[in-house]
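Below: the structure, in structure tokens.
Naming convention: chains lettered A, B, ... in sequence-line order (proteins, then strands); numbering from 1 in each chain. Bear in mind the structure is a predicted one, so any value in this text is a computation, not a measurement.
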Amino acid sequence: NVLKDKDSSKEYFDEIEKLRVGVERVLEKSGYPFANEEELRMLSDEPRIVEREDESFIENEHFKLRLDSSGQITHLILPDRTLNMRIQFYYWTGCIGNNTKPSERSSGAYIFRPETTQPKSMSFKTTAKHQGPVVQELWIEGDKNLAASVRIYHEKQFFEVDYVVGPIDITDNTGKEYIVRYESDLVNNGIFYTDSNGRQTLKRRLNERPQWNLTLEEPIAGNYYPVTNEIFIEDKDTKMTILTDRSQGGTSLEEGQIELMLHRRLLHDDAFGVGEALNETANGVGLVVRGKQRVLFRNAGENYNTTKEILAMHLEPIVLVADAKGLTYDEW
Amino acid sequence: EFVLDELRSALGVMQHHDAVTGTEKEHVAHDYERILDSAIRDASLIANQAFNKILNPNESLPTLSYKRCRFNESSCPVSENSEQFVVTMYNPLGWDVKQPIRVPVTEGTYSVFAPNGDEITSQLIKIPDPVKNIPTRKSKATHEIVFMAYLHPLGIKSFFIRKNKKDKRETKRTKDFYLNVNDYFKNLKDNIDIVIKSEENLKSYNDMANNYQSGDNFASFNTNDGKYDEKIIKNPQELETIDW
């Protein structure tokens, strides 16, 4: 009511400042335990999520994923913070060359060498949402032979992306490399971490090497690193980790984003020894890949070891099934 | 021992740098798949024998024939074709895990029983329809039954899953409800004129049908503003507390 009568933006801001100071005093008097001004400021910066009728959620007791009216994931809501969150699928097209020198190298089994600096986008849509006492699922379907389920299990502190990709279409005579991007508003300053070959988690910085001054001829491939189990980024508050179920190439090309390669089909050899293109010719149409990734959010700097989560993903229970035709429930 | 050796041998082959990185020729990749799949399938014989020894030590019950299923392609010939089956799992980790288990089945209603005999929460969820141009799996399964398994370190647990007779109970319940409603209306016909006037009325009757259980009673009454209403009386004591 105070603000609505103000004409200029200066008056607005003056009034807001007065209100802020007033609120601060009231809070101080009531003994509210804010440690300092910085904490107050952070609180006021916190994005406020207003639930609207055209939006919906999939959730468990630990977090929520907010979906807009088209079913696209827009936010991840944790008990104490809200993050922008999007899952996007793209593909890179592979370079074709005569392999006489590095700049003429084809993208192949050994070499990832996209011909553009921006991936091609894919259109996809949410086709269904399922909610129940054990799992909540969101089904995504793309136009270029891609499908995925986003799952939130009861009690689990992650969400899972189960993807089915392929066969990759090559009727346009172009090799393609499909990727997924998890886009958030984390400020990681170009730094990300990968567990190279499962040996040791190493800090990576975009367009840099710790040992020498680097000029990258290939800005995309030059920032790709092996991910055996996990890749993560973090800012001062939050750490976002992606666990993979197999070795994949990964990077963080833009702020707050993690990119992982899902599937490749290429039409040219890269002349490093395999002697044939990475083109699945045996069944005539190419292969379909199914896999899953788990996305974890933790407090930055929290002494939380993801090793257990990683091992739990790789060493899942060994499940065997037996027909119990001759066995009654009581006997069992 | 010889099937275990086969698996050891296959894992040895898979240490080759081309197998690790995927830089082998295509026909070699398929040969690796053949070697690994065959070794894993044969080695599951050991798990089959071990589970039977642990779960049925005196052999007083029929020996179960455990099969490894291709859960990665939502396919399991045993669970798809069986009315009741046992799912036994081993946690290879040295700590407690709670793991979601998804077993491919055909559509129906299922009860999942934990090792202590209690029925546990489960959920039947449809397997997504094939996406245009993506070749799909060959399997009868249309759904997956999902439940959480709480497993001890290096522990084995066995779950009993039973397919219930197809919605018989639900059908009977709804039928009972409508029979009862008909009788009830028939008795009252001379006294009260009841007409389902709108979809809203119909919806409220459907809601009542969903809540109704065989043996429940009805109470009908006029509300203070003169409108007619009715309720399902689950508990006879409630009758005394209703404001007529």
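For A:N279, the part lying under 4.5 angstrom from a heavy atom of chain B is the backbone only. Of the atoms belonging to A:V164, heavy atoms from both backbone and side chain fall under 4.5 Å from chain B. Heavy-atom distances place the side chain of A:E141, and not its backbone, under 4.5 Å from chain B. Neither the backbone nor the side chain of A:Q136 comes within contact range of chain B; no heavy atoms are under 4.5 Å apart.
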Worked check of side-chain contact (heavy atoms from CB on, under 4.5 Å) between B:F71 and A:E316: CA-CA 12 Å; B:F71 291 136; A:E316 286 191 340; over 6 Å; no

Verdict with reasoning, B:R102 to A:E160, per salt bridge (Lys or Arg N to Asp or Glu O under 4.0 Å): CA-CA 14 Å; B:R102 304 175 76 98; A:E160 188 175 280; 5.8 Å; no

Working for side-chain contact (heavy atoms from CB on, under 4.5 Å), residues B:M89 and A:V319: CA-CA 4 Å; B:M89 57 200 77; A:V319 181; 4.0 Å; yes

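Against chain A, the residues from residues 23-35 of chain B that qualify, each with a non-hydrogen atom under 4.5 angstrom away, are B:T23, B:E24, B:K25, B:E26, B:H30 in number order.
Your options are A:K144, A:H130, A:R151, and the one with the most heavy-atom pairs under 4.5 Å with chain B is A:R151.
A donor-acceptor distance shorter than 3.5 angstrom exists from the side chain of A:Y329 to the backbone of B:G117, with no hydrogens or angles considered. Remark: the backbone N or O of A:L327 is paired with a side-chain donor or acceptor of B:Q84 at under 3.5 angstrom.
Using cut-offs of 30° and 60° for the angle between ring planes, the B:F113 and A:W332 rings count as tilted.
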